[in-house]
Colleague: 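Quick one: this structure, given as structure tokens, is what I'll be asking you about.
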Amino acid sequence: MIVYHGSYVEVSKPDLSHSRKNVDFGQGFYTTPLYEQAEKWCRKFKDRGKTAIINKYTFDEKAFEQCKVLRFDAYSEEWLDFILNCRRGMDSSEYDIVMGGVANDKVFNTVELFFDGLIDKMEAIKRLKYEKPNFQIAFRTSLVLERYLHFEGSEQL
């Protein structure tokens, strides 16, 4: 499988030391199989006057059989609970890889409404079902990065 990572630098050797902790699927190296999504991730760098680079990797799907993987195939109550725990810094799971929808700006607005008690969980899930499909893969352990993710090159936008 080909996956992409949007950045302002070439990332030939991904690691976890540069990743933030309280994001969608916890601390990890985030990629997407959707090139257009990686382009969108790069916009924030271009908007700040930085270089925008899409890094390309081959992901060895044997990892799905050999690692602890959590996959969310849709926005769901389980997905929302996981995101909320990660964003609150309360994730204690030991997944090597977590995959699923991105909590983009519109999604995050829905999550904020839920956090603020302005909508309940069922309303939040209902709103999330109408979001444009997107997908992210968070590699959360060094072992997975070293063994299953292989740098293929990069391009500057």
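All values derive from a computational prediction rather than experimental measurement.
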Colleague: About how many Å separate CD1 of I54 and OH of Y35, when rounded to the nearest 0.5 Å?
Modeller: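 The OH atom of Y35 sits 3.5 Å away from the CD1 atom of I54.
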Colleague: For K21, I'd like to know if atom NZ has over 12 heavy atoms of other residues, nucleotides or ligands within 6.0 Å.
Modeller: no
Colleague: Working note: V144 + I97, criterion side chain to side chain contact (heavy atoms under 4.5 Å, CB included); need CA distance, chi angles, decisive distance, verdict.
Modeller: CA-CA 8 Å; V144 169; I97 301 169; 3.9 Å; yes
Colleague: Any side-chain heavy atom of V11 sitting closer than 4.5 Å to one from F29?
Modeller: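 In contact.
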Colleague: Heavy-atom distance under 4.5 Å between the side chains of R88 and F115, does that happen here?
Modeller: yes
Colleague: Rounded to the nearest 0.5 Å, what's the gap from NE2 on H5 to SG on C42? Could you check?
Modeller: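 Reported value, rounded in 0.5 Å steps: 8.5 Å.
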Colleague: Quick check, are the ring centers of Y95 and F25 under 6.0 angstrom apart?
Modeller: no
Colleague: Just by modelled atom types, is the T51 backbone N or O under 3.5 Å from a matching donor or acceptor in the Q156 side chain?
Modeller: no
Colleague: Is it the case that R140 and S93 place a side-chain donor and acceptor less than 3.5 Å from each other?
Modeller: yes
Colleague: Heavy-atom distance under 4.5 Å between the side chains of D81 and K121, does that happen here?
Modeller: yes
Colleague: Going by atom types alone, do N55 and E10 pair a side-chain donor with an acceptor below 3.5 Å?
Modeller: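 Looking only at side-chain atoms, E10 and N55 do not form any donor-acceptor pair under 3.5 Å.
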Colleague: Nearest 0.5 Å please: distance from the CG atom of L34 over to the NZ atom of K40.
Modeller: 9.0 Å
Colleague: Between Q27 (side chain only) and L16 (backbone N and O only), is there a donor and an acceptor less than 3.5 Å apart?
Modeller: yes
Colleague: Say you draw a straight line from OG of S142 to CZ of R147; how long is it, rounded to the nearest 0.5 Å?
Modeller: 12.0 Å
Colleague: Quick one: are V23 and R87 in side-chain contact, heavy atoms under 4.5 Å?
Modeller: no
Colleague: How far does CG of D91 sit from CD1 of I83, to the nearest 0.5 angstrom?
Modeller: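 That separation rounds to 10.5 Å.
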Colleague: Which heavy atom of F114 sits nearest a heavy atom of A124, and at what distance?
Modeller: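 For F114 versus A124, the nearest heavy atoms are CB-CB, 4.4 Å.
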Colleague: Does the side chain of M99 reach to within under 4.5 Å of the side chain of F72, using non-hydrogen atoms?
Modeller: no
Colleague: Establish whether M122 and L118 are linked, either directly or via other cluster members, by ILVMFWY side-chain heavy-atom contacts under 4.5 Å.
Modeller: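 M122 does not cluster with L118.
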Colleague: Let me confirm one number: the OG1-CD1 distance from T31 to I2, rounded to the nearest 0.5 Å.
Modeller: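 So the OG1 of T31 and the CD1 of I2 are separated by 11.0 Å.
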Colleague: Excluding sequence neighbours, so at least two apart, what forms ring pair (Phe, Tyr, Trp, His ring centres under 6.0 Å) with F45?
Modeller: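 Partners of F45 by the ring pair (Phe, Tyr, Trp, His ring centres under 6.0 Å) criterion, ordered by chain and then number, come out as Y8.
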Colleague: Would R71 and D73 pass as an ion pair if we require N to O under 4.0 Å?
Modeller: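 Salt bridge between R71 and D73, a charged N being under 4.0 Å from a carboxylate O: yes.
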Colleague: Kindly give the heavy-atom pair with the smallest separation between I137 and V3, and that separation in Å.
Modeller: CD1-CG1, 4.0 Å
Colleague: One pair to check against ring pair (Phe, Tyr, Trp, His ring centres under 6.0 Å): F59 and F64. What are the steps and the verdict?
Modeller: CA-CA 10 Å; F59 169 56; F64 293 142; 5.3 Å; yes
Colleague: For residues D96 and T141, report the shortest heavy-atom separation together with the two atoms involved.
Modeller: OD1-CG2, 3.2 Å
Colleague: Step through the shown structure and confirm whether more than 12 heavy atoms of other residues, nucleotides or ligands are within 6.0 Å of CZ on R20.
Modeller: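 Count not over threshold, so no.
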Colleague: Quick one: does T32's side chain have a donor or acceptor within less than 3.5 Å of a partner on F135's backbone?
Modeller: yes
Colleague: Which pair of non-hydrogen atoms, one from A63 and one from V69, has the smallest distance, and what is that distance?
Modeller: O-CG2, 4.1 Å
Colleague: Where do Y4 and P33 come nearest, in terms of heavy atoms and distance?
Modeller: CE1-O, 3.8 Å
Colleague: Would a distance-only check, ignoring hydrogens and angles, find a side-chain to backbone donor-acceptor pair under 3.5 Å from W79 to G101?
Modeller: yes
Colleague: Could you go step by step and tell me if L149 and F139 meet the side chain to side chain contact (heavy atoms under 4.5 Å, CB included) rule?
Modeller: CA-CA 9 Å; L149 195 66; F139 298 98; 4.0 Å; yes
Colleague: Suppose the criterion is side-chain hydrogen bond (donor to acceptor under 3.5 Å, both in side chains): which pairs have a residue in residues 56-70, not counting sequence neighbours?
Modeller: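 Those involving residues 56-70 are T58-E152, Q66-Y148.
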Colleague: Pair E146, D15 - check side chain to side chain contact (heavy atoms under 4.5 Å, CB included), show working.
Modeller: CA-CA 9 Å; E146 293 166 10; D15 63 56; over 6 Å; no
